[in-house]
Amino acid sequence: MRFSRVLIPTVKETPSETQVISHTLMIRSGLIRQLSAGIYTWLPIGLRVLRKVENIVREEMDAAGAQEVLMPAVQPSELWRESGRWDFYGKELLRITDRHNRAFCFGPTHEEVIADLVRREVRSYKELPANFYQIQTKFRDEIRPRFGVMRGREFLMKDAYSFNLDQESLDESYQSMFDAYVKIFERCGLRFRPVEADTGTIGGAASHEFHVLAESGEDTIVSCSDCSYAANLEKAVSGAAQGGESLDASTIPEMARTETPGQKSIDDVVAYLKIPVEKTIKTLVAVDGEGEWTLLLLRGDHELNEAKARVLLGDGFRIPTPEEVAEKVGPVGSLGPVGSELTVLADEMLEKSNGFVCGANEEGWHLTNVCWDRDLPRPRFVDVRNVTVGEPCAHCGSGTLAMDRGIEVGHVFKLGDKYSRAMNVTVLGPDGRETVPEMGCYGIGVSRVVAAAIEQNHDDNGIVWPLAIAPFSVEILLLNPKDANASGIAETLYSDLNSRGIETILDDRDERMGVKFKDADLLGAPLRVLVGGRSLKEGVLELQTRKGGKAERVPPQEIVAELEQRLAALR
RNA sequence: CGGGGUGUAGCGCAGCCUGGUAGCGCAUCGGCUUUGGGAGCCGAGGGUCGGAGGUUCGAAUCCUCUCGCCCCGACCA
């Protein structure tokens, strides 16, 4: 590719609208341009990278035995009504009406469409297991798109759906997708980690997410220092509540009312009463899926995990506003479980301790030395909090938990028969009876992978692409295209590399050298060859690796072999 | 959807408070010089001041409405 013949609109300044480095660099290096909030055009160089990722995904999906299809982006509302998601999916589903006033949506995912296909076309268990995938543009009307293509509304996704006769077969498909994902992200040259995940609103049994490790990641992932345990914070458990002795109420003085004027937050109360924060109970109010009001108790220094709360209280679960709480329950800032008529759920970390401080349900008053059984009925103890750094691992017992930030680039689910049953998918089993297949679904955010790769592979001057997804393996910098000798050498090298299948961009623009260097740094091709200037006067070219290598002098007749050797080393 | 910010030349911004007919840097075009890390000088072109309405002799500036974009909270590849 010739630089002069391609639209590569690099920009010098940092754009004001970008928050993360990948977004900044994708704009600056001319990979993408925004059309509307969360909607981007991929320019020629950006598209090359996107295609690289896409092809790696395709190769590994094919190798894992999945079959590629391409489903419609626009889907009729009828299918979504069948699965029950037309009403359930909410505003994120972009709804469209056609000229006949029929309702459609722009597909955010394709469970319904694939289920419809399979129920029509697959009759026998002999055709299972089957795994269909596509690489396609999705649209989710995100509440707040941000970070460029990292969280766009329109994005490129690989989604796959497996159909299996039984649980065991689903387990196999799931594992084979899991393994394929590991290969895909390894091939992309990314540092990543698979973690146990919350199944969220999609539902289903087991689920893992694949996270690219990066400071700017929107998710927090928890992992054990000793064993292989790793999970999304939404799902992560710790061993902190296990073991230890229960604290007996008989050693604790009587419960007492204490005046705490104006002390509303846990911090306030801890400072005012001069007590350890571990002795406080935070009382939260939640409304469960049925509309029932519930008290959630947490140790003062712990945070509510809303994903866990959702599992416990049902999908319609919500946290009411302070105004609602004040009206229906009591004084916000002085709430407590003692004497409450609401159902009480307490975090398991409170189970073995005793003698707490909690709100007295009276403005400006707290209770001290509150004990289970003695002062209030022992509630149901559950895990509803976020684990914290340094807690013991629940799985191996020896390690401690650490936290990292991650960008979710892949997600695998065991869906079970939720959709296949709702959509009436059946095949005839070996026993001649109709059977509802088990489904799995497996997604990769292809466009997000590009952004995640940049988050992990850049320096102050621009992108430093891993070879596998670089738009070009080699960039030839022709310093002065008007110099016939230099130009001839560069052109020869360019065609030699092309004929060997080495993807090359030739910067043949009539630009100053500084401009070419800066643009080459931004674009981030792994190898760079300089043709012209001082070195060519001495009859040599300069070879440089993007990743901080010093320039080496190589004679023109040796450059191709040298480049091939370097590329082999980068693979 | 709540809360906040912003919209002026292709890009980044000043001007707005205190109304008087639009400016700076970069980019673009032409010329000369320069040529190992985003050149220098000279000259030129380019703006419905997001849109609509209003106040006023006069509006980028004040008022009302509206739209886009960005940021902070719930969703997700």
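A note on names: the letters A, B, ... follow the listed sequences, proteins ahead of strands, and every chain is numbered from 1.
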Cation-pi, A:F155 ring and A:K138 (6.0 angstrom, 45 degrees): no
Stacked cation flag A:R48 on A:W42, 6.0 angstrom / 45 deg: no
So what does [X] touch, heavy atoms closer than 4.0 Å: a base, only the sugar-phosphate, or nothing?
{"X": "A:D519", "value": "base"}
{"X": "A:V515", "value": "base"}
{"X": "A:D219", "value": "base"}
{"X": "A:G410", "value": "sugar-phosphate"}
{"X": "A:E209", "value": "nothing"}
{"X": "A:E542", "value": "base"}
{"X": "A:G38", "value": "nothing"}
{"X": "A:G445", "value": "base"}
{"X": "A:R33", "value": "nothing"}
{"X": "A:L530", "value": "base"}
{"X": "A:I135", "value": "nothing"}
{"X": "A:E511", "value": "nothing"}

So, do A:F155 and B:A77 meet the stacking rule of ring centres under 5.5 Å and planes under 30°? yes
Which whole number of Å gives the distance between the [atom1] atom of [N] and that of [M]?
{"N": "B:G53", "M": "B:A60", "atom1": "P", "answer": "14 Å"}
{"N": "B:A22", "M": "B:C49", "atom1": "P", "answer": "11 Å"}
{"N": "B:C11", "M": "B:U28", "atom1": "C1'", "answer": "12 Å"}
{"N": "B:G38", "M": "B:C75", "atom1": "P", "answer": "48 Å"}
{"N": "B:C71", "M": "B:U66", "atom1": "P", "answer": "23 Å"}
{"N": "B:A77", "M": "B:G5", "atom1": "P", "answer": "34 Å"}
{"N": "B:C13", "M": "B:U33", "atom1": "P", "answer": "37 Å"}
{"N": "B:C17", "M": "B:A27", "atom1": "P", "answer": "33 Å"}

Taking OP1 and OP2 of B:G36, is either one under 4.0 Å from a side-chain nitrogen or oxygen of A:S535?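 For B:G36, neither OP1 nor OP2 has a side-chain N or O of A:S535 closer than 4.0 Å.
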Quick check on B:U34: is either OP1 or OP2 less than 4.0 Å from any side-chain nitrogen or oxygen of A:R512? no
Can you find a heavy atom in the side chain of [X] that is under 4.5 Å from one in the side chain of [Y]?
{"X": "A:R546", "Y": "A:W465", "answer": "no"}
{"X": "A:Y494", "Y": "A:D508", "answer": "no"}
{"X": "A:V118", "Y": "A:M423", "answer": "no"}

[X], nearest nucleotide to its side chain (from [options]):
{"X": "A:Q19", "options": "B:A77, B:C75, B:C70", "value": "B:C70"}
{"X": "A:R144", "options": "B:G36, B:G73, B:C76", "value": "B:G73"}
{"X": "A:F517", "options": "B:A77, B:G37, B:C69", "value": "B:G37"}
{"X": "A:A37", "options": "B:C69, B:G38, B:A77", "value": "B:C69"}
{"X": "A:I143", "options": "B:C75, B:G37, B:A74", "value": "B:A74"}
{"X": "A:E92", "options": "B:C76, B:C75, B:G38", "value": "B:C75"}

Examine distances only and state if a side-chain atom of [X] and a backbone atom of [Y] form a donor-acceptor pair shorter than 3.5 Å.
{"X": "A:R553", "Y": "A:E542", "value": "no"}
{"X": "A:R153", "Y": "A:A37", "value": "yes"}
{"X": "A:R95", "Y": "A:W86", "value": "yes"}

Watson-Crick or G-U wobble mate for [N], both contacts under 3.5 Å:
{"N": "B:G73", "result": "B:C1"}
{"N": "B:G30", "result": "B:C42"}
{"N": "B:G7", "result": "B:C67"}
{"N": "B:C24", "result": "B:G12"}

Measure [atom1]/[X] against [atom2]/[N] and give the value in whole Å, please.
{"X": "A:R28", "N": "B:A27", "atom1": "CZ", "atom2": "P", "value": "14 Å"}
{"X": "A:E475", "N": "B:G37", "atom1": "CD", "atom2": "P", "value": "17 Å"}
{"X": "A:M157", "N": "B:A77", "atom1": "CE", "atom2": "P", "value": "6 Å"}
{"X": "A:F3", "N": "B:G38", "atom1": "CZ", "atom2": "P", "value": "16 Å"}

Show your working on ring-ring contact (aromatic ring centres under 6.0 Å, His included) between A:Y133 and A:Y161 and close with a plain yes or no. CA-CA 6 Å; A:Y133 80 97; A:Y161 306 89; over 10 Å; no
Treating primed atoms plus P, OP1 and OP2 as sugar-phosphate and everything else as base, which nucleotides of nucleotides 3-12 of chain B get B, S or - for protein heavy atoms under 4.0 Å? ----------
More than 12 heavy atoms from other groups under 6.0 Å of CZ on A:R33: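 Enclosed: over 12 neighbouring heavy atoms sit under 6.0 Å from CZ of A:R33.
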Closest-nucleotide 5' rank along RNA chain B - winner of A:E234 and A:F147: A:F147
Base B:C75 to side chain A:R153, donor-acceptor N/O within 3.5 Å cut-off: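 Not at all, since no donor on one side and acceptor on the other fall under 3.5 Å apart.
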When only distance counts, do a donor and an acceptor, one from the side chain of A:R151 and one from the base of B:C76, lie under 3.5 Å apart? yes
Step through it carefully: locate the ring centre of A:H211, locate the ring centre of A:F192, and say whether they are under 6.0 Å apart. no
